[in-house]
Structure formats: C-alpha cells, structure tokens
Asks: 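Sharing a structure below in structure tokens format, with a few things to ask.
Note that these values count all heavy atoms, side chains included, but never hydrogens, waters or copies made by symmetry. Keep in mind the model is a prediction, meaning the values are calculated, not measured. A, B, ... follow the sequence lines: proteins, then strands. Residue 1 opens every chain.
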There are 2 protein chains.
Amino acid sequence: MTTRVEDQQGEAGGERISDAEHAVMEALWKHSPQTAAEVCETVCKDRGWSMPTVKTLLSRLVQKGALATQPDGRRFLYTPLIARSAYVGGESRRLVDRLFGGRAAPLLAHLAQEEALSQDDIAEIERLLREMKK
Amino acid sequence: MTTRVEDQQGEAGGERISDAEHAVMEALWKHSPQTAAEVCETVCKDRGWSMPTVKTLLSRLVQKGALATQPDGRRFLYTPLIARSAYVGGESRRLVDRLFGGRAAPLLAHLAQEEALSQDDIAEIERLLREMKK
DNA sequence: CCACTACGATTACACCTGTAATCTGAATGG
DNA sequence: CCATTCAGATTACAGGTGTAATCGTAGTGG
C-alpha cells in the first residue's frame, strides 16, 4: 500500500488546492464562467477579502491548472478545469486514507458519534446502501 | 450555520496539527509514551525523515499543546494530550462542513462512487445505522 | 577528570498560503 | 489625443510547514 499515485483531483492540475483557493473554486463551480469581479462579489463578503486577494487566488488557480481563462474584452472569464466532484472525491479519499486506513465505515461511526448524522441523513444513507447492493 | 466554534480537536491545544505532525501523533497514539528515538523508529522509515525532523515536529506539537513531555533521565517521554478520536472527529467534521455542507450522506455517496466502500464496509455501516436508530 | 556521545533546543531555510499594495497597459470619456 | 479608470500582472510580506544542520549541555566510558 501507500501507493501514492499523486492523482489528487482528477487529471487536470496535479497541484493541491488550498483552503482559500477552494472558496474561489466553489464560487466558480456554482456558476461559470465568471469575471474576477463577479467572483469577488460572491466570496469577498463571506471571507472579508478584497479584490486583490481574489485576483491572486485566481492567478494561482490558473497557474495550478485548476482554472481556464478566456479573454472577454479587457478582462478574463474564469472557468473551472477540474470538476467539483473530482475535487471533492479526492479530498474525501485523502481524509479516509489518512485517518481511517481507507475504510469508510469508521468515518461514518465518528460522524455518528458527533451527532453529525440527522435522521434524514441516516435514511438517505440506507437508501444509498440499498442501491449499492443491487 | 457557519458557527465556527474554533474547537478543532478537543479542548487541549487549539492549534491545527499539520500533515507531518499528524504522522508523529499517529505513532504516539499507537503507543505512548515514547522517546523521540522510538517515534523516529516508527515514522522515519515510512516518511524518509531523519531524527532532527522528528525532533522538530515533536517540539512543535509540544508547543501546540498536543503533546505532553515527561522527563525520563536525560531524555523526554512524549504523550498525546489530545485523543485520536477528538482529532479524527474534528478533521472529519471539517471536511464534511467544507465540502458537503455538513451533511454526511453526500460524503458517503462519493465514497461509494469511488468504490471506496467494500462489501464489508457496507455491511458494517448498516450495522452501525441499525444501532444508531435504536 | 575528560573526551565523547546522546539528547533536546535553537536556528535555518525554502516553499506554500493568506492577504494585499503597487505596477502596467489598455479602453474610454472628453 | 490625453487623462482617467479598470483589469490583470508583479511584487510583498508575515506566518505556517517540511526538512534539516548546528549548538549546548549533561551523562559515560576510560
């Protein structure tokens, strides 16, 4: 084991996405393409950021191959190059590998203990499991 | 919502534990107390670290309040101050909050899609759910 | 008693991250 | 045509992280 395949979040962009960068990605996953100003519109409020910060994060994400730019007049439109599901899947996998030896069941047990599972969650998970077994 | 309670991993030590530091914690969670040399014995192989690296990480963890030291002759014995379950719970929670809006079910769905769930996992999860509902 | 060794402590240093100011060049209003 | 403005690019900088060399000091073998 420990076959670190260095394939964290899909094929596009091997670099890791930091927490702040992730906030920007979320904005673009919600809706894209967007200009820097539009992204700021979304994230600056929540995180208390200023435009330059968003610009920096966008640039870094472009460098990392996580975003594509497409010129639109004098500004850029940014579009995610990696799918949210790929990112989310990668991160989840990383956590499960790191903390639970790759087993999902103990994760669930922990979430359960922390009361992170509502009755609805439980019902939905059961439904998922039934489907999976089919 | 978004009630960031800044209580990441239990009461002892508010600071975050980094990835490298986590490897050291794992060694000490497996068995404690241990000397720096013993910890190195465990982690240096796997991670390709040298003694000084382990020493640094141990010091940082002590600073962060994640480890207690207890002098044993001329060296120290290190003992975790935060429980593994608290750390693991905190990290899981963080992930679920950040990526799944706090809902565990979508996480499970992703793991399922990635084939991160074995038949055994599924069985165990079902057992957990049954217990939870009782 | 002293040189050596085995520790922890201190210092180092490059890279990443969060956060932003400043620079530069192009569009635009007058 | 020129000054203003607005966008991206460049630079900045402190703090965290990974990784380690070096320092100081306290026992230990001779």
Asks: In whole angstrom, give the distance that lies between atom CG of L58(B) and atom P of dT19(D).
Replies: 15 Å
Asks: Give a yes or no on whether a salt bridge exists between R127(A) and E131(A), defined as a side-chain N under 4.0 angstrom from a carboxylate O.
Replies: yes
Asks: What is the distance, rounded to the nearest whole Å, between atom CE of M51(B) and atom P of dT5(C)?
Replies: 16 Å
Asks: Please write out the pairs of protein N or O atoms and N or O atoms of nucleotides 19-25 of chain C separated by less than 3.5 Å, giving the distance to one decimal.
Replies:
{"residue": "dT19(C)", "atom": "OP2", "partner": "W49(A)", "partner atom": "NE1", "Å": "2.5"}
{"residue": "dT19(C)", "atom": "O4", "partner": "R60(A)", "partner atom": "NH2", "Å": "3.1"}
{"residue": "dA20(C)", "atom": "OP2", "partner": "S50(A)", "partner atom": "N", "Å": "3.4"}
{"residue": "dA20(C)", "atom": "OP2", "partner": "T53(A)", "partner atom": "OG1", "Å": "3.0"}
{"residue": "dA20(C)", "atom": "N7", "partner": "T56(A)", "partner atom": "OG1", "Å": "3.3"}
{"residue": "dA20(C)", "atom": "N6", "partner": "T56(A)", "partner atom": "OG1", "Å": "2.5"}

Asks: Which residue pairs pass the salt bridge (Lys or Arg N to Asp or Glu O under 4.0 Å) test with at least one member in residues 65-79 of chain A, sequence neighbours excluded?
Replies: D72(A)-R75(A)
Asks: Does any part of the side chain of W49(B), heavy atoms only, come nearer than 4.5 Å to the side chain of V24(B), both counted from C-beta?
Replies: yes
Asks: Measure CZ/R16(A) against P/dG18(D) and give the value in whole Å, please.
Replies: 12 Å
Asks: With sequence neighbours left out, what residues match F100(B) under ring pair (Phe, Tyr, Trp, His ring centres under 6.0 Å)?
Replies: H110(B)
Asks: With a 4.0 Å cutoff (strictly under), does any side-chain N or O of K55(B) reach OP1 or OP2 of dC23(D)?
Replies: no
Asks: So, E91(B) and R16(B), do they make that salt bridge, N to O below 4.0 Å?
Replies: yes
Asks: With a 4.0 Å heavy-atom cut-off, tell me which residues in residues 33-46 of chain A come close to DNA chain D, sorted by residue number.
Replies: A36(A)
Asks: Starting at CG of D72(B) and ending at P of dA26(D), how long is that distance when rounded to a whole Å?
Replies: 17 Å
Asks: Under the side-chain contact (heavy atoms from CB on, under 4.5 Å) rule, collect the residues that match up with T56(A), sequence neighbours excluded.
Replies: R60(A)
Asks: Once you round it to whole Å, what is the distance between C1' of dT5(C) and CZ of R75(B)?
Replies: 14 Å
Asks: Starting from C1' on dG16(D), measure out to NE2 on H22(B) and report it in whole angstrom.
Replies: 18 Å
Asks: Within this structure, what is the CZ-to-C1' distance between F76(B) and dA26(D), rounded to whole angstrom?
Replies: 13 Å
Asks: Nearest whole Å is fine: how far is dT17(D) P from L61(B) CG?
Replies: 10 Å
Asks: Angle between ring planes, Y87(A) versus H22(A), binned at 30° and 60°: parallel, tilted or perpendicular?
Replies: parallel
Asks: Here's a test of your reading of the structure: between E21(A) and L77(B), which maps to the more 5' nucleotide of DNA chain C?
Replies: L77(B)
Asks: Please determine if R84(A) and E26(A) form a salt bridge, counting it only when a charged side-chain N lies under 4.0 Å from a carboxylate O.
Replies: yes
Asks: Listed by chain and number, what are the side-chain contact (heavy atoms from CB on, under 4.5 Å) partners of T42(A), not counting sequence neighbours?
Replies: A27(A), Q34(A)
